[in-house]
Amino acid sequence: MSELLAKDLKYIWHPFTQHQTSKPPVVILKAKDEFLIDERGKEYIDANSSWWVNVHGHGHPHIQKAIAEQFMSLDHVVFAGLTHPKAIELSERIIGLLPDNFNKVFFSDNGSTSVEVALKMAFQYWYNKGFRKKRVMAIEGAYHGDTFGAMSVGERDLFNRPFEDFFFDVDFIPFPSKERESEILDEADRLFATDEFASLIVEPLIQGSSGMRIYTVEFLDKLVSIARKRDVLVIFDEVMTGFGRTGKLFAMDHCEVKPDIVTLSKGLTGGVLPLGLTVADNNLFDAFLSEEKARGFLHGHSYTGNPLACAAACASLDLFGTDQTNERINNLCDWNMTFAKELKGFPKAKNVRTMGTILAFEIDSGGNDSYFAEIREMAYAHFIENGVLIRPLGNTVFINPPYCINHLSYKLLKEVILDLLKSV
Ligand SMILES: *Cc1c(COP(=O)(O)O)cnc(C)c1O
């Protein structure tokens with residue numbers, strides 16, 4: 001064991017980790033494009049985009065330069081009473097990329113906080129208007145982050161059981177599998193008719209953490225229409241789907257009907273610095289205007305609007321404006337579709353599916369639940385051993401690599417996945 005690793009084990013409490021049983025982590029020294037390089041010099045293809053955040057590849061020179069230049073002029077500053085050019089530029093550009101109804105950007109630090117902000121905005125909107133609307137609707141299997149509000153609107157599962165008593169009540173509608181769509185829409189309509197709902201929050205078109213579960217644009221359009229008809233504020237959590245993951249810049253770009261609030265984070269800075277945005281409709285913002293200070297949105301974080309993160313985000317948007325990025329996204333979408341066809345020939349790969357740059361399937365475990373966990377650990381170890389970073393969710397294997405991944409790396413990735421399927 002290296003000295004670095006020994007010190008890690010001595011001092012660090014890692015996220016989502018059972019330290020008694022988990023293997024020691026791999027020490028990563030460097031990253032470039034789609035590759036991670038460990039302390040022994042071994043390369044891994046980052047098929048996970050480092051927790052789904054990296055979109056243009058690691059160490060992109062354009063983003064590096066933007067951060068370095070920003071650091072030379074302004075590192076960080078209070079964001080209440082003061083402002084700065086990069087936050088202004090980023091806001092103007094994000095508003096320009098979103099549908100016309102969006103026109104105010106609120107800054108925070110990550111996906112969970114962007115969701116907290118969205119929920120608080122929706123509750124306070126009704127409070128300021130003098131309505132008692134306190135219910136929230138979400139979809140079973142949702143994941144919106146690990147803070148209390150975000151956990152409350154997420155699936156109640158093993159990950160958050162110790163905290164369940166402290167969550168606020170949420171009405172969960174079932175996951176909209178194709179056969180149940182109309183039944184679920186009826187249920188949503190019946191609930192909304194109570195006029196008690198402040199908001200509806202969804203991961204648009206694909207639920208990430210519950211296992212890359214895809215549902216239809218038609219369902220989402222109908223659900224959003226019903227909500228809007230009943231004056232329920234609609235929040236799209238695009239923390240995962242934003243910035244090209246679904247093949248378009250935002251998942252809402254696939255939809256006819258648009259939300260009132262959208263949350264953005266993961267890919268926002270190109271995956272290099274933490275930053276969250278909650279973008280709201282003007283109608284929402286107006287409800288916070290008053291002579292009374294307490295009617296304003298009194299929320300903020302020390303690092304709100306951090307200039308370095310804003311500079312990274314602006315540089316990432318520059319890259320989204322190029323033909324090269326669009327071409328890369330389109331190629332990756334095509335490769336995923338071809339690979340999905342190939343995977344369908346493997347009986348051990350169930351529910352093979354793609355959504356843009358994401359490909360997922362389940363390893364058939366013969367329905368044995370306790371085996372799920374084992375197969376997850378076995379698959380993860382196989383991938384690491386073979387130089388690929390893939391983090392299965394239970395028995396769901398998925399890839400969502402940086403868009404810069406070259407065809408050779410993609411082919412290698414495929415081979416490692418197919419080897420696993422041949423061996424189970
Ligand atoms: C990852 C994720 C979050 C939480 O973001 P963090 O930056 O990890 O706090 C929220 N919503 C969705 C849909 C996510 O995928």
Side-chain angles (χ1 to χ4, degrees), residues 14-17 48-55 106-122 136-157 159-160 163 167 170 172 175-176 199-215 220 234-246 249-252 254-255 259 261-279 299 301-304 306 309 312-313 316 355-358 360 391-394 396 398-401:
H14 283 275
F16 296 116
T17 300
N48 174 269
S49 287
S50 293
W51 261 341
W52 322 358
V53 300
N54 194 294
V55 287
F106 192 94
F107 286 75
S108 65
D109 304 339
N110 55 62
S112 302
T113 55
S114 72
V115 168
E116 294 292 330
V117 166
L119 293 168
K120 285 177 71 174
M121 274 180 183
V136 180
M137 185 182 288
I139 301 181
E140 280 173 11
Y143 179 78
H144 297 290
D146 281 344
T147 48
F148 272 90
M151 282 194 290
S152 294
V153 293
E155 176 75 8
R156 313 286 162 96
D157 58 17
F159 285 76
N160 53 40
F163 320 109
F167 296 164
V170 170
F172 288 96
F175 182 83
S199 64
L200 159 74
I201 181 165
V202 300
E203 292 161 271
L205 302 181
I206 176 165
Q207 285 188 335
S209 299
S210 72
M212 298 296 168
R213 299 199 297 168
I214 299 166
Y215 60 96
L220 185 56
V234 178
I235 304 166
F236 274 14
D237 177 354
E238 293 233 24
V239 168
M240 191 282 278
T241 51
F243 303 101
R245 274 293 159 211
T246 66
L249 192 57
F250 302 111
M252 74 173 86
H254 298 270
C255 302
I261 304 176
V262 58
T263 62
L264 301 170
S265 185
K266 292 194 164 102
L268 172 62
T269 61
V272 305
L273 284 169
L275 184 66
L277 300 180
T278 307
V279 193
H299 178 112
H301 305 276
S302 323
Y303 280 101
T304 297
N306 176 255
S316 173
M355 165 123 260
T357 67
I358 305 164
R391 292 177 52 88
L393 295 157
T396 303
F398 70 94
I399 57 169
N400 50 354

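Order of listing sets the numbers, starting from 1, for every ligand and every atom in it. Note that the coordinates shown come from a computational prediction; the quantities given were computed from them, not determined experimentally. Count residues from 1 along the sequence.
Donor-acceptor pairing under 3.5 Å is recorded for the side chains of Asp237 and Thr263. Using modelled atom types and a 3.5 Å distance limit, the side chains of His254 and Thr246 yield a donor-acceptor pair.
Separation of atoms CZ (Arg156) and CD (Glu140) is listed at 11.0 Å; rounding is to 0.5 Å.
Here Asp109 pairs with nothing under the side chain to side chain donor-acceptor pair (under 3.5 Å) rule; sequence neighbours left out. Applying the side chain to side chain donor-acceptor pair (under 3.5 Å) criterion to Thr17, with sequence neighbours excluded, gives no partner residue. Evaluation of the side chain to side chain donor-acceptor pair (under 3.5 Å) rule for Thr241 yields Glu238 as partners, not counting sequence neighbours.
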Write 'none' if nothing qualifies; otherwise put on separate lines each N/O atom of ligand 1 with a protein N/O atom under 3.5 Å away and their distance to 0.1 Å.
{"from": "ligand 1", "atom 1": "5 (O)", "to": "Ser112", "atom 2": "N", "distance (Å)": "3.4"}
{"from": "ligand 1", "atom 1": "7 (O)", "to": "Gly111", "atom 2": "N", "distance (Å)": "2.8"}
{"from": "ligand 1", "atom 1": "9 (O)", "to": "Asn110", "atom 2": "OD1", "distance (Å)": "3.4"}
{"from": "ligand 1", "atom 1": "9 (O)", "to": "Ser112", "atom 2": "N", "distance (Å)": "2.9"}
{"from": "ligand 1", "atom 1": "9 (O)", "to": "Ser112", "atom 2": "OG", "distance (Å)": "2.6"}
{"from": "ligand 1", "atom 1": "11 (N)", "to": "Asp237", "atom 2": "OD1", "distance (Å)": "3.3"}
{"from": "ligand 1", "atom 1": "11 (N)", "to": "Asp237", "atom 2": "OD2", "distance (Å)": "2.6"}
{"from": "ligand 1", "atom 1": "15 (O)", "to": "Lys266", "atom 2": "NZ", "distance (Å)": "2.6"}

